[in-house]
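Notes follow once the structure below has been shown.
FYI, the numbering just counts along the sequence from 1. When reading the values below, keep in mind they use all heavy atoms of this one structure, side chains included, and skip hydrogens, waters and symmetry mates.
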Amino acid sequence: MSLDPQVEAMLTQLAENPAPKLWEMPLPDARATYEGMAAVLDLPDAAIGKTEDISIPGPAGDIPARVYTPVAGGGSSALPCLVFFHGGGFVIGNLVTHDALCRTLANEAGVRVVAVDYRLAPEHVYPAAADDCYAATKWVEANAGELGIDPNSIAVAGDSAGGNLAAVVCLMAKAKKGPQIAFQMLIYPTTDFTDAERWGSRNEFAEGYFLEKETMRWFEGNYMGGNDAARSEPFASPLSAEDLSGLPPAYVITAGFDPLRDEGKAYADALNAAGTKAEYIDYPGMIHGFFNMQGVLDVSKEAVKVAAEKLAAALAH
């Protein structure tokens, strides 16, 4: 297994121009750095039919969200919907950092995307993000008519921390008997907060591959807020759930040089073992975060296109 040449060139450039690590920076700087990185690596000015910023009532106040209507979605008929949760370790990331990805998914899949700007840690610790994402998904289903959405064709998706949240929302929906979710797309999700050391990929790619072990420790510590007993709860670590049956079909994506690779695959395997259909794909030459690098990586463009096709097929009646 070898790194994709475009990835290798990017990592070499980063190594030659070392910057402070996210966990070494003041929080506002870390968030600004991530936003700046997204602007450099992702597609500039990705086409979209329309975007609209809205507020969704949440458990602790309004949740900002952005609705994306695809270029071909201007008609009167209700569209399938993807509720999207951004990555960033539960600490960084926002509607801006994942704007290009949401635009591409909306257009390529022909779906209306609702991107959710859930509360971030450390200001809001677990389970604030999960509660916001669940509330937003429930609200989307309840307001499907107003949003121009088919309530029987709602999917959830997210990358990294957002992949965790998408998986958790599906578990919450099962436990609370709604909303009805048709599909879950988990992009290199983090699925286990209990024992980082048991995953070979976390140690194998601990440094030098974009997402690093120390950064993950910082993210997880901020999100759990010292509540280590909660790390094994299924709404924190979906892999800890006792019963993964009866969940929406899943499409699970990992990257070959990603510290989160092994736990992403383990979750896909666990879903299948429980009778929940999960399709798993690994992009062997890629690193964590590659879905947000369409501006510089050819494989990223291909992977997002394939994911959009899977999404469209899963939501088609």
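Summarising the geometry, atom SG belonging to C81 is positioned 12.5 Å from atom CG belonging to N152; distances are rounded to the nearest 0.5 Å. The CG atom of D42 sits 6.5 Å away from atom OG of S300, with the distance rounded to the nearest 0.5 Å.
Note on M10: it clusters hydrophobically with L22, by side-chain heavy-atom contacts below 4.5 Å among ILVMFWY residues. A continuous path of hydrophobic side-chain contacts links Y126 to F90 [ILVMFWY only; heavy atoms under 4.5 Å]. Taking hydrophobic clusters as Ile, Leu, Val, Met, Phe, Trp and Tyr residues chained together by side-chain heavy-atom distances below 4.5 Å, I149 shares a cluster with I181.
Here E141 pairs with nothing under the salt bridge (Lys or Arg N to Asp or Glu O under 4.0 Å) rule; sequence neighbours left out. Qualifying side chain to side chain donor-acceptor pair (under 3.5 Å) partners for N143, counting only residues two or more places apart in sequence or in other chains: none. Scanning for ring-ring contact (aromatic ring centres under 6.0 Å, His included) contacts around Y251 gives an empty result, with sequence neighbours left out. Considering only residues two or more places apart in sequence or on other chains, D29 meets the salt bridge (Lys or Arg N to Asp or Glu O under 4.0 Å) condition with none of them. In terms of the salt bridge (Lys or Arg N to Asp or Glu O under 4.0 Å) criterion, E24 has no residue partners (sequence neighbours excluded). Partners of A314 under the side chain to side chain contact (heavy atoms under 4.5 Å, CB included) rule, at least two apart in sequence or in another chain, are F183. In this view, E302 satisfies the salt bridge (Lys or Arg N to Asp or Glu O under 4.0 Å) rule with no residue, not counting sequence neighbours.
Listed for the E108 side chain is no donor-acceptor partner under 3.5 Å among the backbone atoms of K305. Put simply, the side chain of D150 never gets that close to the backbone of A78: no donor and acceptor are under 3.5 Å apart. Judged purely by atom type and a 3.5 angstrom limit, D262 uses its side chain to pair as donor or acceptor with the backbone of S201. Q6 places no side-chain N or O within 3.5 Å of a backbone atom of L297 that could act as its donor or acceptor partner. Between the side chain of Y188 and the backbone N or O of F291 there is at least one donor-acceptor pair closer than 3.5 Å. Counting only distance, with no hydrogens or angles, the side chain of D192 and the backbone of S237 share no donor-acceptor pair below 3.5 Å.
Residues T104 and K301 are not in side-chain contact: their nearest non-hydrogen atoms beyond the backbone lie 4.5 Å or more apart. Contact annotation: the side chain of L27 approaches that of P122 to within less than 4.5 Å [non-hydrogen atoms, C-beta and beyond]. No side-chain heavy atom of N164 sits less than 4.5 Å from a side-chain heavy atom of Y267. Taking 4.5 Å as the limit, some side-chain heavy atom of M293 sits within range of a side-chain heavy atom of I287. Within the 4.5 Å cutoff, the side chain of T137 has heavy atoms near those of the V156 side chain. Using a 4.5 Å cut-off on side-chain heavy atoms (C-beta onward), T33 and M25 make contact. A 4.5 Å side-chain heavy-atom check between F85 and C133 finds at least one atom pair inside the cut-off. Using a 4.5 Å heavy-atom threshold, the side chains of I154 and Q180 count as separate.
Across all their heavy atoms, A106 and P70 have their closest contact at O-CB, 3.3 Å. When all heavy atoms of L186 and A166 are compared, the closest pair comes out as CD2-CB, 3.7 Å. Of all heavy-atom pairs spanning A308 and A109, the tightest one is O-CB, 3.4 Å. The two residues V71 and I48 come nearest to each other via the heavy atoms CG2-C, 3.7 Å. T190 and E263 get closest at one heavy-atom pair: OG1-OE2, 3.2 Å. Nearest heavy-atom pair, S232 versus T194, reported as atom, atom and distance to 0.1 Å: CA-CG2, 3.6 Å.
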Would you give me the side-chain donor-acceptor pairs under 3.5 Å for residues 91-101, sequence neighbours excluded?
unit_1	atom_1	unit_2	atom_2	d
N94	OD1	V96	N	2.8
N94	OD1	T97	N	2.9
N94	ND2	E35	OE1	2.9
T97	OG1	N94	N	3.0
T97	OG1	N94	O	2.9
H98	NE2	G87	N	3.3
H98	NE2	D159	OD1	3.1
H98	NE2	D159	OD2	2.9
D99	OD1	R66	NH1	3.2
D99	OD1	Y68	OH	2.6
D99	OD2	R103	NE	2.7

What pairs of donor and acceptor atoms, side-chain ones from residues 253-261 against any protein atom, are under 3.5 angstrom apart with sequence neighbours left out?
unit_1	atom_1	unit_2	atom_2	d
T254	OG1	Y280	OH	2.6
T254	OG1	D282	OD1	2.6
D258	OD1	L260	N	2.9
D258	OD1	H288	ND1	3.1
D258	OD2	H288	ND1	2.8
R261	NH1	G256	O	2.9

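Residue pairs meeting the salt bridge (Lys or Arg N to Asp or Glu O under 4.0 Å) criterion with at least one partner in residues 165-191, sequence neighbours excluded, are K174-D243. The list of salt bridge (Lys or Arg N to Asp or Glu O under 4.0 Å) pairs with a residue in residues 212-241, not counting sequence neighbours, reads K21-E212, E197-K213, R202-E220, E214-R217, E220-R231, D228-R231. Pairs engaging residues 11-20 under the side-chain hydrogen bond (donor to acceptor under 3.5 Å, both in side chains) rule: none recorded [sequence neighbours left out].
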Walk me through whether R31 and E123 qualify under salt bridge (Lys or Arg N to Asp or Glu O under 4.0 Å). CA-CA 13 Å; R31 288 173 177 162; E123 299 93 332; 2.9 Å; yes

Test L147 against W139 for side chain to side chain contact (heavy atoms under 4.5 Å, CB included), laying out the working first. CA-CA 10 Å; L147 292 164; W139 181 88; 3.8 Å; yes

Mind running side chain to side chain contact (heavy atoms under 4.5 Å, CB included) on V7 and M286 for me, showing each step along the way? CA-CA 7 Å; V7 172; M286 289 291 109; 3.5 Å; yes

Quick one: do H86 and Y118 satisfy ring-ring contact (aromatic ring centres under 6.0 Å, His included)? Show the steps, please. CA-CA 9 Å; H86 68 78; Y118 54 86; 4.4 Å; yes

Side chain to side chain contact (heavy atoms under 4.5 Å, CB included) assessment of L3 paired with L11: CA-CA 10 Å; L3 276 171; L11 292 178; 3.9 Å; yes

Pair L311, V111 - check side chain to side chain contact (heavy atoms under 4.5 Å, CB included), show working. CA-CA 9 Å; L311 177 64; V111 301; 4.1 Å; yes

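Between R112 and E146, none of the side-chain N atoms (NZ, or NE/NH1/NH2) sits under 4.0 Å from a carboxylate O, so this pair counts as no salt bridge.
If you look at Y283 and F290, their ring centroids are closer than 6.0 Å.
Using bins of under 30°, 30° to 60° and over 60° for the plane-to-plane angle, the ring pair F193/Y223 lands in the tilted bin.
Partner Q184 forms a side chain to side chain contact (heavy atoms under 4.5 Å, CB included) with one of L247, V169, L171 and no other, that one being L247.
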